[in-house]
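Here is the structure we will look at.
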Amino acid sequence: MNYLKYTQYAYLVAGIVFIFDGFSKLNDPAKTPYLSFAFAATAIGLFFFRRKFAKKFEDRNKNQ
């Protein structure tokens, strides 16, 4: 279960990649960047959720 501590950062990296993808599509009228920005917001939200969950899980193990 030690890998759960590091998988949260994969969401952060994916969010940054989707932000760059959205900005690269922003100037092209044929492409829509909104889906990339939505994926970025979801990935960053999942990062914070996983970080909170991992901290709660770690605190629970310390108490036992």
**Message:** Just to verify, what does T32 make a side-chain hydrogen bond (donor to acceptor under 3.5 Å, both in side chains) with, not counting sequence neighbours?
**Reply:** none
**Item:** Rounded distance [0.5 Å steps], CZ in F47 versus CD1 in I16
**Value:** 9.0 Å
**Request:** Answer with yes or no whether the hydrophobic clustering places F48 together with F53; edges join I, L, V, M, F, W, Y residues whose side-chain heavy atoms lie under 4.5 Å apart.
**Result:** no
**Message:** Show the nearest heavy-atom pair for residues P33 and G22, with the distance to one decimal.
**Reply:** CB-O, 3.3 Å
**Request:** Keeping to residues at least two apart or across chains, list the side chain to side chain donor-acceptor pair (under 3.5 Å) pairs with something in residues 9-18.
**Result:** none
**Fill in**
Note: R51 and Q8 closest approach over all heavy atoms is CA-OE1, 2.8 Å
**Request:** Determine which pairs satisfy side chain to side chain donor-acceptor pair (under 3.5 Å) with at least one residue from residues 12-29, sequence neighbours left out, and list them in order.
**Result:** D21-K25, D21-S36
**Asked** Is F18 linked to F37 within one hydrophobic cluster, defined over Ile, Leu, Val, Met, Phe, Trp and Tyr using a side-chain heavy-atom separation of less than 4.5 Å?
**Response** no
**Request:** Establish whether L26 and L35 are linked, either directly or via other cluster members, by ILVMFWY side-chain heavy-atom contacts under 4.5 Å.
**Result:** no
**Prompt:** How long is the gap from CD1 on I19 to CZ on F39, to the nearest 0.5 Å?
**Reply:** 14.0 Å
**Fill in**
Taking every heavy atom of A40 against every heavy atom of G15, the minimum-distance pair comes out as CB-O, 3.6 Å
